[in-house]
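To start, the structure itself, in structure tokens.
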Amino acid sequence: MRMFGKGVVKFRIPILILSLLLLVPSIIGYVNTRINYDILSYLPKDIETMKGQEILLDEFETGAFSVAVVQGMDNKGVVALKKEIEQIEHVKSVLWYDSLADISIPMEILPNKVEEAFENREKNATLMLVLLDSSMSADETLDAVEKIRQLTDQQCLLSGMSAVVTDIKKICNSEAIMYVVIAAGLSAFVLALTMDSFLIPLFFLLSIGMAIIYNLGTNFVAGEISFITQALAAVLQLAVTMDYSIFLWHSYQENQIRFPGDKKRAMAHAISNTVASVVGSSITTVAGFLAMCFMTFTLGLDLGIVMAKGVVFGVIGCVTILPSMILTFDRAIEKTRHRAILPDLGRIGDFVTKKYVLFAVAFLVILGPALYGYTHNQVYYDLAGTLPDHLESVMANNELEDVFQMGATHIILADSELDSKTARAMLHEIEDVKGIKLVLGIDSVLGPAFPQEMVPGSIKEILDNGNYQMMFLSSEYKTASDEVNAQCNQIKEIIKKYDSSAMLIGEAPCTQDLITITDKDFKTVSTVSIVLIFVIISIVLKSISLPVILVAVIEFAIFINMGIPSYTGTVLPFIASIVIGTIQLGATVDYAILMTNKYKKARYQGAGKQQAIASALNSSLQSVFVSALSFFAATFGVGLYSSIDMISALCVLLARGAIISLLVVAFILPAMFMIFDKVICRTSAGFLKNEKKVKAESAVL
């Protein structure tokens, strides 16, 4: 490692030039990486709902649909608007009353349910069903939604997942840059105050910023990333890898004391020391992120790979780009030196080691309530329900609910060979399901008394292609609610009874699958991440007992953080537990391994139990404190700013987790070392090499 450190110091100028040149292809790759705003598209492709979506697109050339709420417009105006919408590229067709019969024919001849579904005369509102020939979150679909909205001034509101995805895209595009600005600005402010140079935080941010651009640029290989990954990747990479830069700087300062007047030698040793201490902790962090790749819900794969790459790029940048910057701009850094505004943390080790029993008792007392809260959190799966009320998709959903008492819309795909009598029997049974407001199909809309020959050919083409027939169901219940999930189960039982190949698809059935799949996935990832980190810590620290202690302490911090919402009544996004668990685990393990290595080194050199633990805490706490405070500032600021609740909630949880991790590592971990010191020394390599020498010296004295 020393040769590596010397090499970085020697070639610092070429390293800086190369790092700048690499930004060009990275930026090009980032700009050309597509962003996916549809969470449901990450469901496994082999489940029935996703297969149904593919059939809908392949067989009917209908990948997405949206219910349009038209307000304050007479029938002729609606017909004109309908024709304009149909002219928009990728709009396949628009279903309204005139699709079933000429508007000169009174709407009263239709069944009451159909009439009520299309029109609310009291509130002068009308519904249209817009079908698109591209998939739900395709760029073409989102463009079509925007063009439809431009036809009227909020007189035609579009509901449905495509409209929601369009609004999420607009928010992300307007806020994404501010996420980075806020995170970097607040982090730099904290670092400028807590470190001994006003300029060094700038170089921290520049080196990490380069690593972030490299990471985001290489996503081009995957073709696309999710909007959650895009929104969080830069902020999280900044927060998670900042401590590596802090460790390097503090090591550099320590080595300047060892080698006064020789900054190049001091930096070479600092690089070697940082690599030795950071590699172990970074491997555990990477392993935690890679554990997310075991999810069948592939959003985990998307976020896991991007964040794992981010940690690797962060480590590389920390030991190559940052040292090169520090040595190149040494004079400027020296001119901005100042006294760090930090409380005196030098004596806290003695206090903690003397009062360790108190902290051990606190651990036992808090563990029960924390674990209970962790296992009793409420989560939400309906992304649309947490968006700002002023968005058009949210306004449309609210109008549907208030004016037409409509929530989710389902689609049934059944065999085209299903005879009319059987189809009517199936649909009549579905109409009796609680919460079903409307059933729209070839065999239901006009009733048995209306001759099939009078059904317009355009409707037949839309609802029946010769292989499959399509039926629309309108539900009173919201997506992701317990009521709609029970309704979906009941409908599935009915349609399978009449046609074993029939499928129920749509946002609500997909979300129901999301609930089932992610519940299992999260348990798998939690287990895999703990096992991987346990094994890695065992190898890195060459210990049997330390992995148990460190994992227990880290999970304790996570239990506290994730348990608090249960007591405050906060409903969390469904991915919170796995994202927070993985990222907080990664951040806390960095702090824990740093302190453990210092404790191990002190014991190896012959220090007694209390002295070794106190000195380890005193010497590492400043780095941990600055890192945690920087992590808190970066994520908390974004949490307050973001108008997307999923991103805001995750960032607030991460910010709180940083503080909790700091407190747990500062008070609980040393207490565990005090209690289990004998066990640790006997079951770990490199702790008691000088034990006999120490005993001999004690005997002489």
Side-chain angles (χ1 to χ4, degrees), residues 288 345 348-379 522-523 526-527 529-530 533-534 537 545-572 576-596 599 610 613-614 616-617 620-621 624-625 627-629 631-632 635-636 639 649-650 652-677 679-680:
L345 304 174
I348 196 170
D350 294 328
F351 170 75
V352 173
T353 52
K354 287 178 182 178
K355 303 290 185 181
Y356 75 92
V357 175
L358 179 65
F359 296 114
V361 171
F363 171 82
L364 295 174
V365 170
I366 297 172
L367 180 60
L371 188 57
Y372 177 85
Y374 175 78
T375 55
H376 287 78
N377 274 322
Q378 290 183 304
V379 299
F522 293 165
K523 292 173 183 176
S526 181
T527 302
S529 62
I530 290 174
I533 288 170
F534 187 94
I537 293 175
S545 56
L546 280 172
V548 178
I549 295 170
L550 264 58
V551 169
V553 169
I554 293 168
E555 288 298 314
F556 175 66
I558 294 171
F559 290 160
I560 294 175
N561 189 24
M562 292 299 297
I564 290 173
S566 178
Y567 296 101
T568 59
T570 304
V571 182
L572 300 175
S577 63
I578 194 63
V579 172
I580 302 305
T582 303
I583 296 171
Q584 189 176 347
L585 184 150
T588 313
V589 80
D590 288 347
Y591 307 155
I593 289 179
L594 174 69
M595 186 182 297
T596 303
Y599 161 49
Q610 184 171 344
I613 297 169
L617 179 56
S620 60
L621 191 56
V624 173
F625 181 82
S627 175
L629 208 59
F631 194 133
F632 171 82
T635 50
F636 188 71
L650 290 175
V652 169
L653 283 167
L654 287 167
R656 185 172 63 212
I659 302 302
I660 293 171
S661 294
L662 167 66
L663 296 175
V664 167
V665 169
F667 298 105
I668 304 299
L669 185 59
M672 294 300 164
F673 287 162
M674 289 293 293
I675 294 171
F676 297 105
D677 177 74
V679 176
I680 293 170

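The distance from the CD1 atom of Ile348 to the CZ atom of Phe667 is 4.0 Å, given to the nearest 0.5 Å. Rounded to the nearest 0.5 Å, atoms CD1 (Ile660) and CD1 (Ile668) are 12.0 Å apart. One distance of note links OG1 of Thr596 with CG of Leu546; it measures 6.0 Å at 0.5 Å rounding. For the atom pair CG of Leu654 and CD1 of Ile583, the computed distance is 5.0 Å after rounding to the nearest 0.5 Å. Separation of atoms CG (Leu358) and CZ (Phe351) is listed at 7.0 Å; rounding is to 0.5 Å. Considering CG of Leu364 and CG of Leu367, their distance stands at 7.0 Å, rounded to 0.5 Å.
Partners of Thr375 by side-chain hydrogen bond (donor to acceptor under 3.5 Å, both in side chains), not counting sequence neighbours: none found. Residues meeting the side-chain contact (heavy atoms from CB on, under 4.5 Å) test with Ser526, sequence neighbours left out: Ile530. Partners of Asn377 under the side-chain hydrogen bond (donor to acceptor under 3.5 Å, both in side chains) rule, at least two apart in sequence or in another chain, do not exist in this structure. Every residue meeting the side-chain contact (heavy atoms from CB on, under 4.5 Å) condition with Phe522, not counting sequence neighbours, appears here in chain and number order: Met295, Thr518, Phe574, Ile575, Ser577, Ile578. Residues satisfying the side-chain contact (heavy atoms from CB on, under 4.5 Å) test with Phe636, not counting sequence neighbours, are Phe632, Leu640, Ala655. For Lys523, the salt bridge (charged side-chain N to carboxylate O under 4.0 Å, His left out) partners are Asp519, not counting sequence neighbours. Annotation: side-chain contact (heavy atoms from CB on, under 4.5 Å) contacts of Thr570 (sequence neighbours excluded): Pro565, Thr568, Leu572. With sequence neighbours left out, the ring-ring contact (aromatic ring centres under 6.0 Å, His included) criterion links Tyr356 to no other residue. Under the side-chain hydrogen bond (donor to acceptor under 3.5 Å, both in side chains) criterion, Ser627 pairs with Tyr591, not counting sequence neighbours. In this view, Tyr372 and His376 satisfy the ring-ring contact (aromatic ring centres under 6.0 Å, His included) rule, not counting sequence neighbours.
Applying the side chain to side chain donor-acceptor pair (under 3.5 Å) definition to pairs two or more places apart or across chains, those involving residues 659-669 are Gln584-Ser661, Thr588-Ser661.
Using a 4.5 Å heavy-atom threshold, the side chains of Phe363 and Met672 count as touching. Within the 4.5 Å cutoff, side-chain heavy atoms of Phe556 are placed close to those of Ile366. In this structure, the side chains of Leu669 and Ile549 come closer than 4.5 Å at one or more pairs of heavy atoms.
Under the side chain to side chain contact (heavy atoms under 4.5 Å, CB included) test applied with Leu653, the options Thr635, Ile580, Ile564, Val579 reduce to a single match, Ile580.
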Before you tell me yes or no, could you show the steps for Phe673 and Val553 under side chain to side chain contact (heavy atoms under 4.5 Å, CB included), namely the whole-Å CA-CA distance, both residues' side-chain angles and the distance that decides it to 0.1 Å?
CA-CA 11 Å; Phe673 287 162; Val553 169; over 6 Å; no

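Taking both residues in full, the closest heavy atoms of Leu617 and Met595 are given as CD1-CE, 3.2 Å, listed atom of the first, atom of the second, then distance.
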